[in-house]
2 protein chains.
Amino acid sequence: MLHSESAEDYLKTICKMGGTQGAVSTSALASRLGISPVSVHEMIRKLAEQGLVEYTPYRGVSLTPAGLRAAQNVFRRHRLWERFLHDSLGLPWARVHEEAERLEHATSQEVSDRLAQFLNYPQECPHGYPIGQETCACEDEAARPLLELAAGESAEIERVPEDNAQMLEYLDHLGLRPGVRVTMIEIAPFDGPVTIELAGERKAIGRPLAERILVHIAASHHTEHQGG
Amino acid sequence: MLHSESAEDYLKTICKMGGTQGAVSTSALASRLGISPVSVHEMIRKLAEQGLVEYTPYRGVSLTPAGLRAAQNVFRRHRLWERFLHDSLGLPWARVHEEAERLEHATSQEVSDRLAQFLNYPQECPHGYPIGQETCACEDEAARPLLELAAGESAEIERVPEDNAQMLEYLDHLGLRPGVRVTMIEIAPFDGPVTIELAGERKAIGRPLAERILVHIAASHHTEHQGG
DNA sequence: TGTTATAATTAGGCATGCCTTATAAAATTT
DNA sequence: AAATTTTATAAGGCATGCCTAATTATAACA
């Protein structure tokens, strides 16, 4: 809670883009954040001064241990609020992300700790992202894009993109929620649709979406998802 | 949720200082907010442009109906969060206000409506301030300062000042919480202490505090306060 | 190696919300 | 009515976080 909302958003985004592994290009970061490269460069400089990121010109930015800790804290607060908004308040799945996006910046460590306890230490947010006890991982090594499944192969949905309410409504409507089992039917050529089967029905989605939905092939380790 | 956090704070403070009845002096507002009179004047001008306050030079500011509605919304969100933080998360009474002060600015109408439902439409915040269904009153006509009680007179604590965590801890320690019955023993002369009896014990507090604690004489209409 | 594309950086600006200093105007007191 | 205090307003600044336009440095490619 020592950093500005803006700084927290930068750290989150750098983390999401892989700033824990290698370095993230500032122009990619800029286009993801929807902020001009010049402004991003300026902010990166400030974050580097504060020891939250490491910046090497022409290489990109990566999170320092302190920056990673800060980002993980924000993710944790975000995901805990999502669970509360969904499970306790019954806010629709698709609306949960945008509300949590604001609450995450207004939450102290004590409140998020108590919130975790109140929610009975949930393991993941409603979109399938993990919630650790103290921190939480940014990436799950075992997760693969739905698009990578071979025809006939089955998997369980692990995570869905959460940053677009309309997309979430669409996914919800299709039944494509974390924990649901899907089977790949076919990936049509010439950038055609991806056909999958879930709950006995066949659905076709676009390739870009199929690339952003993450699945895992191993048997379920998920807890039941409470209804909204 | 259309106004900046800063604007919301101004509207709240104007409301608290009586900006629904008469006009509030801008210098009084400035000292209450801890902001320079020049800056307050500037902000008042902007709020007046937006139709949220009415400003007459050398007289002061008052809330327009739109401004009142906005302020009441913020109060409602604030007090609902206080109830949640206290009743559901068990956050100590004295810490609740400062946390709600941040959450109130990050809460949509839908979330506050659902929060009210989740909390079972509570009537008041943990410090005794009313929570209306749609809006909520700023002042309670029936409430009188504790200091106005005559010796031997009994009353129930209605509200306590909530803006100072240390003071709240002190009040909590003395047992001076909303809903508690107190009897005035004496008000010592020469600005001396105010002695009251509660739960069979006598306690002395200072005059300024006794002036800010509001009581009502009629029998209790309060619902039970859930423990934290 | 030279050209081209990408990234970095400088310079100047804007809005918000705060600041101080200084002056002008009205209200209050004597 | 005159002096004093209070209030209003103007002028100029600062930090944050964003912008565009223009320049410079580096990387990548042919």
Side-chain angles (χ1 to χ4, degrees), chain A residues 1-19 22-63 67 70-71 74 101-102 104-106 163, chain B residues 1-15 17-19 22-63 67 70-71 74 101-102 104-106:
Chain A
M1 295 303 301
L2 305 120
H3 320 108
S4 73
E5 295 196 12
S6 201
E8 288 186 339
D9 286 338
Y10 274 83
L11 295 175
K12 268 171 57 180
T13 307
I14 293 166
C15 190
K16 279 183 193 167
M17 294 178 75
V24 172
S25 119
T26 56
S27 47
L29 183 57
S31 81
R32 172 92 168 232
L33 285 165
I35 290 171
S36 81
V38 176
S39 299
V40 169
H41 182 265
E42 199 174 52
M43 180 60 104
I44 289 303
R45 213 175 25 76
K46 286 177 194 165
L47 294 174
E49 265 173 28
Q50 294 176 258
L52 296 166
V53 302
E54 202 171 330
Y55 172 53
T56 316
Y58 301 101
R59 262 200 75 247
V61 266
S62 54
L63 294 180
V74 185
E101 202 74 2
R102 270 174 289 123
E104 69 187 11
H105 301 298
D163 51 12
Chain B
M1 294 304 300
L2 304 121
H3 320 108
S4 72
E5 295 197 12
S6 201
E8 288 186 340
D9 287 339
Y10 275 82
L11 295 175
K12 268 172 56 180
T13 306
I14 293 166
C15 190
M17 293 178 75
V24 172
S25 119
T26 56
S27 48
L29 183 57
S31 81
R32 172 91 169 234
L33 285 164
I35 290 171
S36 82
V38 176
S39 299
V40 169
H41 182 264
E42 200 175 51
M43 180 59 103
I44 287 303
R45 214 175 26 75
K46 286 177 196 166
L47 294 175
E49 265 172 30
Q50 293 176 259
L52 295 167
V53 303
E54 202 172 329
Y55 173 51
T56 315
Y58 300 102
R59 260 199 77 245
V61 267
S62 54
L63 295 180
V74 185
E101 202 75 2
R102 269 176 287 123
E104 68 185 12
H105 301 298

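Below, read A as the first sequence line, B as the second, and so on, with proteins coming before strands; counting in each chain starts at 1. The model shown is predicted, which means the values in this text are computed figures rather than measured ones. We use all heavy atoms of the structure for the numbers below, so side chains are in, but hydrogens, waters and symmetry mates are not.
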S.K.: Between B:Val53 and B:Ile44, what is the shortest heavy-atom contact and its length?
M.R.: CG2-O, 3.8 Å
S.K.: If the condition is side-chain contact (heavy atoms from CB on, under 4.5 Å), which residues does B:Ser39 pass it with, not counting sequence neighbours?
M.R.: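 B:Ser39 satisfies side-chain contact (heavy atoms from CB on, under 4.5 Å) with B:Ile35, B:Ser36 only.
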S.K.: What heavy-atom pair brings B:Leu29 and B:Val61 nearest, and what distance separates the two atoms?
M.R.: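 Distance-wise, the nearest heavy atoms are CD2-CG2, 4.1 Å.
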S.K.: Mind checking salt bridge (charged side-chain N to carboxylate O under 4.0 Å, His left out) for A:Glu101 and listing every partner two or more places apart, or none if nothing turns up?
M.R.: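 By the salt bridge (charged side-chain N to carboxylate O under 4.0 Å, His left out) rule, A:Glu101 matches A:Lys12.
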S.K.: Which letter, B, S or -, goes with each nucleotide of nucleotides 5-18 of chain D from 5' to 3', with contact meaning a protein heavy atom under 4.0 Å?
M.R.: --BSBB------SB
S.K.: Quick one: closest heavy-atom pair of A:Arg102 and B:Ala106, and the distance?
M.R.: NH1-O, 3.4 Å
